[in-house]
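Below, chain A is the first sequence line, B the second, and so on; all start at residue 1.
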Amino acid sequence: MAQIMLWEAIQRAHDEEMSRDPLVICMGEDIGVAGGTYKATKGLFEKYGPLRVMDTPISEGGFTGLAIGASFLGVRPIVEIMSVNFAWLAMDQMFNSAAKIRYMSGGQIEAPCVFRSAGGAAHQLGAQHSARMEKVFMGVAGLRVVTPSNPKQAYGLLKSAIRSNDPVFINEHELMYNMKGEVPDAEYFHPLEGSDIARSGTDVTLFGYNISVHWCLKAAEILDKQYGISAEVVDLYSLAPLDRAGIKQSVSKTHRVVIAEEDEAPVGVGSEIIAIINEECFFELDAAPVRVHSALVPQPYNHTLEKAAIPDHEDVVKAVLKLFGKA
Amino acid sequence: MKIEDKKRVLREMVLHRRFEERCYQAYIERKIGGFLHLYPGQEACCNGVMEAARPGQDYVITGYRDHVHAIKCGADPKEVMAELYGKETGSSKGRGGSMHIFDAAHHFMGGYALVGGPFPLAAGIAKAIQLKGGDEIAICFLGDAANNQGVFHETLNMAALWKLPVLFVCENNLYGIGTSIERSTAVVHQHKRVAAYNIPSAECDGQDIDIVYEHARKAVDHVRAGNGPYFLELMTYRYRGHSMSDSRGYRSREEEEEWKQRDPIFMLRDRLITAGALTMADYEAMEKETDAYIENEVIKFAEESPEPRVEDLEKYVLADRASQQPWLTGKAA
């Protein structure tokens, strides 16, 4: 088991799948000769050449549609959209073509495409380079959405996404590419559905995904050491479909819920989880669930304002203390 | 085209015309729902191009005016009509409708309802052909109004850059829904717009199938030989409105009559009669046989076919679960 960085895990998944299947290709802006903005495709251009590692023009709608069209004939494209903010330009093709093609063709045609994109607020990138848009993708029928919180998931989810015959959107985070973690030396496929228990606990469930899993883990540590509260952290790496059974199981065990998301609250992951709790296990709750989320503002440039807009582990701790009447 | 081929194509064009006119009637009778975009007037475009290509082998993609393109590729008219009726036996099992006819077995990759949406999909199909090393080509039939979408330019750029085997056929019928091309587009002659991408192009009369065929042969040969994309603009006219909700208040009846003087079917018919290969009686028999076929087989099939089952509402949203294991849950199927 090697400790590698998250970008290396993604690169390894590309490399293994491309060497196995000549119809696996990748494309995106600066992914080839330049090696990728986040190095996730480093060395692939030299190994597989320009026909399979395609540096695209800056035309997100165009090249995403091109990838989808190729997938109709059995090609398995991995599309990198440099920033999730640019994915708005490609959503027409992702939603109207990839997500609907199987249904509207009565099962004749499928789009086994993978779309990877970096989202999240990094450092002072301003309103048009800091979006978190998972809530937009997770409401579309026909599209799977997964989001890794560590290198093992990043590697294993991408491997499974490439093999799957459904279109899969992978939501990555700009701040996490250099995060280190253990990835099995042997080939590994992470399931596209379900959730992981990142830390077991008994008093409260902290639901997180992608970067907010780390806030939850840090908060759980503080809650345990300073307040004697045992928090369970559930990593919802699959946002579509959400793991109803996993959510129910943890809530039935702890009876208290905090949901942490980097996105703004309205119509978001947190709202959806609370709806699922209402439908699946409302009477297991001892207290109303609490959401930790961003302020509803276009991301400010100013450092202090940006920090104020985005939550962190301290906000998760505060939410739990409030839930326990300790704040 | 040989004389025998011309006679066959005439018969096909009569079928295409009568099929569409029968759809009109079924729509009025409320047998067909949703939107319905009909093709009469433009038959020489699809037929002329596809006669120069390999129907059923070359990959074809188009917009929502798609019934005739599907049938020309080899789709069974019975299944296309059943689709319009929303039946389980329809080409998309009743899930698609008029704007989403598909026949993957005949490489008809579908009708799409976002104007311009098929441009990059066509380039992607061509990319797949290029990767697999086949000698098929991708053919993208769209109207002139689609060229005002951003993906038109994005796709032309990529297709030229990567020398993709794709033929863009622009059926320029002079109207985008109810707005004339002069009022929506700075350049009426669309082939001029592709010059910026170093893509060879031509414009020709889209009503005369012999002219369309000659231009299409050159275009298809260019693409199939591996020279990259080609753009063929066909000047044509749709007799009916954009869709059934269109009463054509934006154009004159005189203009319509003028175009009908150059009807693609009648021009081909008269040419065959002049050449002594056909009589008016032959033609009238052809029409009669076609109508009988549509009524006794096509409509009958659509009428008598079953509806999809409500239990199957969510079928086809995602791939069959068993075939997707272990990727979904980590467990074997």
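- For the residue pair B:A319 and A:D166, the shortest heavy atom distance occurs at N-OD1, 2.7 Å.
- At a 4.5 Å heavy-atom cutoff, the contact between A:F72 and chain B is made by backbone and side-chain atoms alike.
- Here A:I101 is the residue among A:I101, A:I58, A:T64, A:L89 with the most heavy-atom pairs under 4.5 Å with chain B.
- B:F152 does not touch chain A: none of its heavy atoms, backbone or side chain, sits under 4.5 Å away.
- A:Q249 CD: 12 or fewer foreign heavy atoms inside a 6.0 Å radius.
- Comparing B:K93, B:E314, B:Q130, B:M158 by how many heavy-atom pairs each has under 4.5 Å with chain A, the most go to B:M158.
- Among A:S71, A:G61, A:P22, the residue with the largest count of heavy-atom pairs under 4.5 Å with chain B is A:G61.
- When all heavy atoms of A:A70 and B:A128 are compared, the closest pair comes out as O-CB, 3.8 Å.
- Note on A:T56, A:V75, A:I109, A:L157: by heavy-atom pairs under 4.5 Å with chain B, the leading option is A:I109.
- For the options A:P167, A:A141, A:G142, A:A161, heavy-atom pairs under 4.5 Å to chain B are most numerous at A:G142.
- Of the two parts of B:L313, the backbone and the side chain both hold a non-hydrogen atom closer than 4.5 Å to a non-hydrogen atom of chain A.
- Heavy atoms of A:N165 lying under 4.5 Å from chain B belong to its backbone as well as its side chain.
- Distance CD1/A:I68 to CD1/B:I125: 11.5 Å, rounded to 0.5 Å.
- Among B:T155, B:L131, B:I61, B:N157, the residue making the largest number of heavy-atom pairs under 4.5 Å with chain A is B:L131.
- Taking each heavy atom of B:G330 and A:P191 in turn, the nearest pair found is N-CB, 3.8 Å.
- Closest of all the heavy-atom pairs between A:S97 and B:L121 is OG-CD1, 3.7 Å.
- In B:Y197, the OH atom is crowded: over 12 heavy atoms of neighbouring residues, nucleotides or ligands sit closer than 6.0 Å.
- Note that OG of A:S105 and NE2 of B:H100 are 10.5 Å apart. Values are rounded to the nearest 0.5 Å.
- In this structure, A:L51 CG and B:W162 CH2 are separated by 10.5 Å, a value rounded to the nearest 0.5 Å.
- Contact tally against chain A (heavy-atom pairs below 4.5 Å) for B:T329, B:L161, B:D320: the top residue is B:T329.
- When A:P77, A:G194, A:S164 are compared by the number of non-hydrogen pairs under 4.5 Å with chain B, A:S164 comes out ahead.
- In terms of heavy-atom pairs under 4.5 angstrom with chain A, the leader among B:V151, B:I129, B:L114 is B:L114.
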Given B:Y112 and A:M104, is the side-chain contact (heavy atoms from CB on, under 4.5 Å) satisfied, shown in steps? CA-CA 10 Å; B:Y112 298 79; A:M104 66 186 190; 3.9 Å; yes

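- Between B:Y316 and A:Y103, the ring-plane angle classifies as perpendicular under the 30° and 60° cut-offs.
- Between the CD atom of A:E193 and the CD atom of B:Q325 there is a distance of 7.5 Å, given to the nearest 0.5 Å.
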Show your reasoning for whether side-chain contact (heavy atoms from CB on, under 4.5 Å) applies to A:L73 and B:K127. CA-CA 10 Å; A:L73 268 64; B:K127 170 70 189 177; over 6 Å; no

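- Residue A:E187 places its CD atom among more than 12 non-hydrogen atoms of other residues, nucleotides or ligands, all under 6.0 Å distant.
- When each of A:R144, A:K159, A:R52 is scored by its heavy-atom pairs under 4.5 Å with chain B, the top score falls to A:R144.
- Taking CG of A:L23 as the reference point, atom NZ of B:K132 lies at 6.0 Å (rounded to 0.5 Å).
- Closest heavy-atom contact between A:Q108 and B:F102: NE2-O, 3.1 Å.
- Closest of all the heavy-atom pairs between B:E154 and A:E60 is OE1-N, 4.3 Å.
- A distance of 8.5 Å separates CG of A:L192 from CD of B:Q324, quoted to the nearest 0.5 Å.
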